[in-house]
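Position 1 is the first residue of the sequence, and the numbers go up from there. What you are looking at is a predicted structure, and each value in this text was computed from that prediction instead of being measured. These numbers come from the heavy atoms of this one structure, side chains and all, not from hydrogens, waters or symmetry mates.
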Amino acid sequence: MTDTVSIVVQPRDATGSRSSRRLRREGFIPGVIYGHGDAATLIAVEPHVMREAVTTGPGVHVILDVKIEGQSRDHKAIIKHLAYHPTKHTVSHIDLQEIRLTETIESVVAIRFEGESKGVKAGGVLDESLREVTVRGVVTAIPEHVVVDISELDINDVATIADLVVPADITIVDDPEQVLCSVLPPRKADEEEEVEAEAVEPDIVGKEEASS
């Protein structure tokens with residue numbers, strides 16, 4: 001992950017929820033950029049600018065070359081956190097962390113499940129327990145995702161963090177025994193009959209109340 005994407009953001013002075021709501025109404029995403037012991041700088045970003053940046057190859061792990069209007073110095077930064085509107089699912093706030101390209105950082109990356117497991121082919125159900133994992137490495141080496149091959153998983157088998165495939169210069173921070181996914185057995189016929197019995201129970205109760 002060595003390419004950078006240049007973006008231009010605007011500085012802002014006001015803080016607080018009222019100011020943030022006003023910025024959103026005006027078509028901006030409120031945010032901050034911080035790092036290396038400097039005080040956080042308040043910024044405002046146009047949504048299309050961030051959308052174009054995160055649709056490049058590295059996705060949300062893109063390295064940004066941030067130009068703050070009115071400042072002469074550019075800032076190398078990564079996206080540290082994106083907050084989303086609970087119903088609109090649009091980005092409502094963004095945190096950018098200034099970095100040096102040679103420094104080691106920790107970052108949360110997505111897990112990608114590849115292949116179709118033997119157990120699923122036999123009628124089992126894949127239960128995904130974990131979708132992200134924390135990794136450590138040099139900024140430019142952080143991958144967009146890490147991969148686990150589930151094709152050999154049979155019914156009642158599990159895949160753990162230890163099964164993930166990562167580049168040699170990347171370390172996984174999380175517990176290697178933590179379960180990523182498992183293959184559950186097919187639903188048994190007696191369980192289905194039990195569900196059907198529970199479904200008719202309210203009618204039976206109603207008849208008993210009517211006869212009392």
Side-chain angles (χ1 to χ4, degrees), residues 1-3 50-51 53-63 78-97 99 103-205:
M1 190 179 65
T2 56
D3 294 338
M50 290 311 306
R51 186 164 51 247
V54 300
T55 52
T56 59
V60 295
H61 300 289
V62 63
I63 297 177
I78 58 172
I79 299 172
K80 190 63 176 179
H81 180 68
L82 294 174
Y84 292 89
H85 189 280
T87 57
K88 297 179 181 178
H89 305 296
T90 54
V91 177
S92 59
H93 193 276
I94 183 169
D95 290 0
L96 301 181
Q97 179 184 349
I99 51 90
E103 73 177 291
T104 298
I105 64 168
E106 289 188 2
S107 183
V108 176
V109 300
I111 297 168
R112 176 177 290 180
F113 299 95
E114 292 191 348
E116 184 179 7
S117 77
K118 293 178 179 178
V120 171
K121 291 179 180 178
V125 178
L126 181 68
D127 180 33
E128 298 179 7
S129 305
L130 201 62
R131 299 292 183 88
E132 296 177 328
V133 68
T134 302
V135 302
R136 181 188 294 118
V138 176
V139 172
T140 53
I142 299 295
E144 180 184 3
H145 60 264
V146 290
V147 173
V148 58
D149 184 358
I150 62 171
S151 58
E152 294 301 314
L153 290 184
D154 211 336
I155 292 174
N156 294 322
D157 285 347
V158 300
T160 67
I161 284 179
D163 297 312
L164 288 169
V165 178
V166 296
D169 50 359
I170 292 295
T171 302
I172 298 178
V173 176
D174 299 324
D175 181 359
E177 298 303 316
Q178 190 169 356
V179 173
L180 302 176
C181 66
S182 56
V183 181
L184 304 179
R187 195 176 189 181
K188 296 180 181 179
D190 57 348
E191 292 176 347
E192 295 176 354
E193 291 174 359
E194 182 180 344
V195 171
E196 292 175 358
E198 291 175 354
V200 300
E201 185 176 350
D203 293 335
I204 297 173
V205 172

Side chains of Glu114 and Ile150 in contact at under 4.5 Å (non-hydrogen atoms): no
Working for side-chain contact (heavy atoms from CB on, under 4.5 Å), residues Lys80 and Leu96: CA-CA 5 Å; Lys80 190 63 176 179; Leu96 301 181; over 6 Å; no
Side chains of Val125 and Val120 in contact at under 4.5 Å (non-hydrogen atoms): no
Note, Asp95 side chain near Ile79 side chain (heavy atom, < 4.5 Å): no
Distance, nearest 0.5 Å, that separates CG of Leu184 from CG of Asp157: 11.5 Å
Sub-4.5 Å side-chain heavy-atom contact between Ile170 and Pro143: yes
Side-chain touch Thr134/Ile172, heavy atoms, less than 4.5 angstrom: no
Working for side-chain contact (heavy atoms from CB on, under 4.5 Å), residues Ile105 and Arg136: CA-CA 6 Å; Ile105 64 168; Arg136 181 188 294 118; over 6 Å; no
Ser182 side, atom OG; Leu153 side, atom CG - distance, nearest 0.5 Å: 9.0 Å
Rounded distance [0.5 Å steps], CD in Glu152 versus NZ in Lys118: 4.0 Å
Heavy-atom pair with the smallest gap, counting every atom of Ala159 and Val148: CB-CG2, 4.1 Å
Straight-line distance of Arg112 CZ to His145 NE2, nearest 0.5 Å: 3.5 Å
Of all pairs that satisfy side chain to side chain donor-acceptor pair (under 3.5 Å), the ones with a partner from residues 169-180, not counting sequence neighbours: none
Residues forming a side chain to side chain contact (heavy atoms under 4.5 Å, CB included) with Thr87, sequence neighbours excluded: His85
Test item: Pro186 and Ile155 side chains (from C-beta on) under 4.5 Å apart, heavy atoms: yes
Euclidean distance, Asp149 CG relative to Leu164 CG, rounded to 0.5 Å: 11.5 Å
Rounded distance (nearest 0.5 Å) linking atom CG of Leu130 with atom CG of Leu180: 5.5 Å
Side-chain touch Val146/Val165, heavy atoms, less than 4.5 angstrom: no
Asp127 vs Val183, side-chain contact (heavy atoms from CB on, under 4.5 Å): CA-CA, chis, key distance, verdict: CA-CA 6 Å; Asp127 180 33; Val183 181; over 6 Å; no
Whether Ser151 side chain and Ser117 backbone form a donor-acceptor pair below 3.5 Å: no
Test log, rule side-chain contact (heavy atoms from CB on, under 4.5 Å), inputs Val173 and Glu106: CA-CA 8 Å; Val173 176; Glu106 289 188 2; 3.9 Å; yes
Sub-4.5 Å side-chain heavy-atom contact between Val91 and Tyr84: yes
